[in-house]
Amino acid sequence: MKLTHPERVVDAASGATKADVARYYDGVADWLLAELKSRPVALLRAPEGVGEGGFFQKHAGKAAWPGLRLLDAALWPGHDALLALPTRTALLGAVQMNTLEFHAWNARVPRLDKPDRMVFDLDPGDGVDWAAIRDGAVRVRDLLGELGLRSWLKTSGGRGLHVVVPLAARWPVDTVRAFSQAVVQRLAGREPERFVAKSGADNRVGRIFVDYLRNGEGATTVAAYSLRARPGLGVSMPLAWEDLAALESPTHWTVTNALQHLAGRPADPWAELGAHKQSLAAPLKALPSL
DNA sequence: GTCACTG
DNA sequence: CAGTGACAACGCGGG
DNA sequence: CCCGCG
Ligand SMILES: [Mn+2]
Ligand SMILES: [Mn+2]
């Protein structure tokens, strides 16, 4: 795979070069490709590196590189063909095109209207410290548990955390979205000093907006193992719930240290996630959402 | 990073 | 030839 | 309605 400008510094904060980014993605390719498998993707490309000027890409437009797959345009009527990255070649081609972040849908082809997971994106407002964010994620996990749903955890690579709930792909995306909104409304109803259910930076000062809008049709969330196009190049890293209390920072894992962490971890904390195709039938009864 | 288009 | 714009898109919330 | 946000 040809990589142009390997020595170009992509992120001044870490000093990481384009070659460092490529080495990172080559190292996580097996895990990341499993995350992206059969899902439409959106790429955040940044030819100028971290900072202003990056752009999202969810359709091919004029772009093309080896392995890049264009999904059948009929899968999402009214839109151009969506993109998928089925192979290492496709993934590293995206890196050559200066992709820093990989985002994915919650549904897989061909059932783009029936997501196989639900995501709760904890977005802390100004003034929320890391301990409160960790506590917030545990509250989300506990409420989901009361509703009969197991959840898995990752860092966002930024300030927050993502709680992921694997589902059987049997409920329409609007049902899943409405249910996730009801979950967040209950969280905010129970602990309004801790959570808000409305987006917008103003109300959530000192509180956490649990972003359920990631569950809408066509919405994407940054994939596990993706870098973030921010100073330091943090990683969205899966971790076990039992390891959350010991995590000292949401940006602990970065392009610089993530491969070392992955080489030394005793097990994949998400190993069981794929086998849990959870039903929403009972949770929908326990928490009616319309 | 690359292409299509402008002047 | 160099320069420049495009490369997502849509619900939400507030003004 | 438009704007800013993610
Ligand atoms: Mn977030
Ligand atoms: Mn968010």
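Computed from a predicted structure; not experimentally measured. Each chain gets a letter, A, B and so on, in the order the sequences are listed, and its residues count up from 1.
- Take A/H79 and apply the ring-ring contact (aromatic ring centres under 6.0 Å, His included) test, not counting sequence neighbours, and it matches A/W76.
- Contact check of residues 59-86 of chain A against DNA chain C (heavy atom, cut-off under 4.0 Å) returns A/H59, A/H79.
- For A/F55, the listed nucleotide lying nearest its side chain is C/dC7; candidates were C/dC12, C/dC7, C/dG14.
- One P atom belongs to B/dA4, the other to C/dA8, and the distance between them is 15 Å to the nearest Å.
- Among the nucleotides C/dG13, C/dA9, C/dC12, the one closest to the side chain of A/K58 is C/dA9.
- When the C1' atom is used for both D/dC3 and C/dA9, the distance is 15 Å, rounded to whole Å.
- Atom pair A/E48:CD and B/dT2:P shows a separation of 13 Å (rounding to whole Å applied).
- A/W65 pairs by the ring-ring contact (aromatic ring centres under 6.0 Å, His included) definition with nothing, not counting sequence neighbours.
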Table please: side-chain donor-acceptor pairs of residues 146-153 of chain A below 3.5 Å, with sequence neighbours left out.
unit_1: A/E146; atom_1: OE1; unit_2: A/R190; atom_2: NH2; d: 2.7
unit_1: A/E146; atom_1: OE2; unit_2: A/R190; atom_2: NH1; d: 3.3

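- Residues satisfying the side-chain hydrogen bond (donor to acceptor under 3.5 Å, both in side chains) criterion with A/R214, sequence neighbours excluded, are A/D211.
- The stretch residues 87-107 of chain A has no heavy atom under 4.0 Å from DNA chain C, so no residue of it qualifies as close.
- The distance between atom CG of A/L44 and atom C1' of D/dG6, rounded to the nearest whole Å, is 12 Å.
- Of all the residues in residues 209-229 of chain A, A/L213 reach under 4.0 Å from DNA chain C with at least one non-hydrogen atom.
- Where A/F56 and A/S199 each meet DNA chain C at their nearest nucleotide, the meeting point lying more 5' is that of A/F56.
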Run the salt bridge (charged side-chain N to carboxylate O under 4.0 Å, His left out) check on A/R228 and A/E101 step by step: do they pass?
CA-CA 6 Å; A/R228 301 309 300 271; A/E101 300 190 3; 3.3 Å; yes
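- A salt bridge links A/R23 with A/D20: the closest approach of a Lys/Arg side-chain nitrogen to an acidic carboxylate oxygen falls below 4.0 angstrom.
- If you take NZ of A/K198 and P of D/dG6, they are 18 Å apart, rounded to a whole angstrom.
- Look at CZ on A/R230: it is 10 Å from C1' on D/dG6, rounded to the nearest Å.
- Residue pairs satisfying the side-chain hydrogen bond (donor to acceptor under 3.5 Å, both in side chains) criterion with at least one member in residues 180-189 of chain A, sequence neighbours excluded, are listed as follows: A/R177-A/Q181, A/S180-A/N215, A/Q181-A/Y212.
- When the C1' atom of C/dG13 is taken as reference, atom CG of A/D202 falls 9 Å away, rounded to whole Å.
- In the hydrophobic clustering, A/F56 connects to A/L44, either directly or through intervening members, whenever side-chain heavy atoms lie under 4.5 Å apart.
- Legend: residues meeting salt bridge (Lys or Arg N to Asp or Glu O under 4.0 Å) with A/R230, ordered by chain and number and at least two apart, are absent.
- Legend: residues meeting side-chain contact (heavy atoms from CB on, under 4.5 Å) with A/R88, ordered by chain and number and at least two apart, are A/D26, A/A29, A/D30, A/L33, A/L92.
- At the phosphate of C/dC12, neither OP1 nor OP2 sits under 4.0 Å from any side-chain N or O atom of A/R204.
- With sequence neighbours excluded, no residue forms a ring-ring contact (aromatic ring centres under 6.0 Å, His included) with A/F209.
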